[in-house]
Amino acid sequence: MIRHGGQGLPTAAARAESAGTAPRAQNPFRRVARYLFRYRSLFVLTLALAIGSTLFLIAIPQVIKWIVDDVIQASRTDLLIWGVAALTGCYFLRDAFNSLRIRVNNTLEQKVLVDLRGDLHSRLLDLPVGYYDKRQTGEIASRVIEDVQNVERALLDGTEQGTVSLLTLIGISTILFVQQPMLAALVLAPLPIVLGPTAARVHFKAGRRLWKTTREAAGALNGLLMENISGHRLISSFSLADRERGRFQDAADRLKDSTLKAMFRWSVHGPGTNFISSLGAVAVMGVGGALLIQSQATGGDFTLGDFVSFFAYCTMVYEPVRSLNQLNQMLAAARASSDRVFEILDHPLEIESPAEPQPFPTGVPAVRYHNVSYGYPHRPPVLDNFTLDLPAGKVTALVGHTGAGKTTLANLLLRYYDVTGGAVKLGGVDVRELELTAVRQHIGLVAQEPFLFNGTVADNLRLARPEATDEDIVAALTAAAAWEFVQLLPDQLDTQIGERGVRLSQGEKQRLTIARVILRNPPLVILDEATASVDTITEQAIQQALGTLVKERTTLIIAHRLSTVRRADQIVVLAHGKIVEKGTHEDLIARKGAYARLWRAQAQADQHAFESLSGLESEPIRSPVERTPVAKC
């Protein structure tokens, strides 16, 4: 697929398709196996220890046979201590090998988990914004934590369990046929029914379908839980606790019902196959018992020790059969989880750096939207053949109704989305020809909802420049009008601010994000409703900080509050993705057009709000700027 915008730059998917390298579906277990083979020595050691443990387990009936025939029946009390010692040694070595296997297995398991989760997390960081627009955060987290573990455990434990079970089954079957071919045939007669490919395939497909529903229900429950945690303040303020309890209970019930359906099938299949397998042991007890009686009566060579050891092997042969049946169930659940894991890893990046990127323009670049078209999926186009220039080192403000295309223009500049027509150019270079990381490193974003990580003030600012000194950070905070309140914090720069900066006010968080952008010192700045969520007094402090931030930078301001854009070098009024008016504040007011109407409407709304709060109905109306001094931006 080629996006016909500007120079017709192909996406990564289009490049792969044109090169004949479009990704093909692969067996998910084979793909996870590659992670195992990164640690071949640990994997081989795990199998070797498991086989060693199994060999000592298989030896136990032979030791018992020797004790029964050559010690007990021969009344050799002098050999009894050696028989007991040999039996103890077999049990000890079986469990010693198993203990080492568990340690090695756990080490291998954690290494594979870290690698797979790391690749998954890396992919999530590279995926486009549009991917997250369609999914719940908790549902994605469920895939990274729970589904990855399901897949890894099934493959690692399944490979080990399957290998050991097959070897055990082959080894014991060989011993049984050597001892008593007729009884061995009775023991193994139920196995084609239990382990037959048709029954296994039917159970696997049905189990996979049921477990897929279960994993989706678990993801939905995790998504709701994370939504409740992040929205706890809203839930409390609107007294929505009972409503959310009901939603959570409904989601929990759906998970319970889907899990019970999956487990119900296993509750029938597992015990059913065990019962069928056990019929072989019943046959051995009957036929073998008759052979033993006959042998003892006629002086045959089938001894009590032979019968005891044979019956012990008979019960042991069904353990690997049960393991192989459980493995079928485990693989069905893992396949459902693997589909969810690899859906992320296989999701096309869509937004990628070009194979041979152009160097980022030097200095402070101008921005040009040239014949740009864009529309969100399943919605009418937001922009159609849109053209706008943002002069280098100047401030351009976008105003207009919600849905006019203001934030879309910022998203296209940041390459959160790519245009479907035309081009966005930085310093004359299409942004799709530039390294994606370079584009975003050279743009400072101050959003309406500031995002701060759980950590200290200094930690959050050093995200912009890791090598910054404390002096650099203080200078940035001072320029952002934030140093004054940071000095009052308990540990100043080392104060823990909590998840998403929960221990700070909205205005304080916003000023820290401005300081972070100042510390980065980018040539381009985007202010997306930077003062929309704060009061008028806090807005004054933020406007002072913004005045410092935008100096000698190409700046794009998105605003509903017109007091924030009055001194912009260029104000652009948008409506339905089109430019209605463009000019300075004074020019647009003089035209008495759309901008002037917006200005008057906002002034009247502010006046009404002021009168309702103060009761001073006689005070003459003034413009927002006259009542709220702002710095030049």
Side-chain angles (χ1 to χ4, degrees), residues 230 232-233 236-237 395 440-553 555 557-559 561 563-567 613 624-625 627-633:
S230 60
H232 181 264
R233 292 172 183 261
S236 298
S237 63
V395 177
R440 293 173 181 173
Q441 284 179 340
H442 285 81
I443 300 177
L445 173 65
V446 181
Q448 178 178 349
E449 288 294 331
F451 189 92
L452 298 171
F453 287 95
N454 187 18
T456 66
V457 172
D459 291 339
N460 274 275
L461 265 68
R462 285 198 174 96
L463 294 173
R465 211 172 82 212
E467 73 281 3
T469 64
D470 285 353
E471 290 74 19
D472 296 331
I473 292 175
V474 170
L477 289 169
T478 302
W483 179 234
E484 181 178 352
F485 83 80
V486 171
Q487 284 181 295
L488 301 178
L489 297 177
D491 298 311
Q492 297 188 353
L493 294 179
D494 295 323
T495 300
Q496 293 286 336
I497 60 176
E499 187 177 4
R500 303 178 71 94
V502 69
R503 295 169 192 164
L504 301 176
S505 70
Q506 186 75 7
E508 289 169 342
K509 289 190 286 187
Q510 194 64 286
R511 277 177 279 174
L512 286 187
T513 61
I514 294 171
R516 190 162 59 193
V517 174
I518 291 175
L519 189 62
R520 169 169 280 188
N521 192 30
L524 298 103
V525 172
I526 296 175
L527 307 177
D528 189 357
E529 301 283 3
T531 62
S533 302
V534 297
D535 57 76
T536 303
I537 295 176
T538 303
E539 181 186 353
Q540 294 180 19
I542 294 177
Q543 286 291 351
Q544 177 187 345
L546 293 177
T548 304
L549 175 62
V550 302
K551 286 180 180 176
E552 300 179 356
R553 291 182 171 92
T555 303
I557 297 179
I558 299 169
R561 196 177 284 187
S563 59
T564 63
V565 304
R566 181 176 183 270
R567 298 191 180 184
L613 290 174
V625 175
R627 289 191 285 104
T628 307
V630 295
K632 174 175 172 57
C633 60

For the residue pair R520 and I443, what are the closest heavy atoms and their distance? NH1-O, 4.2 Å
Does CD in E484 sit with more than 12 non-hydrogen atoms of other residues, nucleotides or ligands closer than 6.0 Å? no
Over all atoms of both residues, closest heavy-atom pair of L504 and K509: CB-CG, 3.7 Å
Return yes if some donor-acceptor pair links the side-chain N/O of R465 with the main-chain N/O of L519 below 3.5 Å, else return no. yes
Within this structure, what is the CZ-CD1 distance for the pair R511 and I518, rounded to the nearest 0.5 Å? 12.0 Å
Would you check if W483 and I473 make a side-chain contact, meaning some heavy-atom pair closer than 4.5 Å? no
When rounded to the nearest 0.5 angstrom, what is the spacing between CG in L452 and CG in D459? 11.5 Å
Please evaluate residues N460 and I497 with respect to the criterion side-chain contact (heavy atoms from CB on, under 4.5 Å), reporting the C-alpha separation (whole Å), side-chain torsions for both, the decisive distance (0.1 Å), and the verdict. CA-CA 9 Å; N460 274 275; I497 60 176; 3.3 Å; yes
With heavy-atom distances below 4.5 Å as the criterion, would you say the side chains of T456 and L493 are in contact? no
Look up atom CD1 in I558 and atom CG in D528, then write down how far apart they are to the nearest 0.5 Å. 4.0 Å
Evaluate side-chain contact (heavy atoms from CB on, under 4.5 Å) for N454 paired with Q496, printing each intermediate quantity in order. CA-CA 7 Å; N454 187 18; Q496 293 286 336; 4.3 Å; yes
Shortest non-hydrogen contact between L461 and A515, atoms and distance: CD2-CB, 4.0 Å
Is the backbone of L463 close enough, under 3.5 Å, to the side chain of R516 for a donor and an acceptor to pair up by distance? no
Listed partners of E471 passing salt bridge (charged side-chain N to carboxylate O under 4.0 Å, His left out), at least two apart: none
Side-chain heavy-atom pair V525, I557 within 4.5 angstrom cut-off: no
Sequence neighbours excluded, the answer for ring pair (Phe, Tyr, Trp, His ring centres under 6.0 Å) partners of F451 is F453
Between V457 and Q492, is there a side-chain heavy-atom distance shorter than 4.5 Å? no
Please name all residues satisfying salt bridge (charged side-chain N to carboxylate O under 4.0 Å, His left out) with R462, sequence neighbours left out, ordered by chain then number. D470
Nearest heavy-atom neighbours spanning P522 and R553: O-NE, 2.7 Å
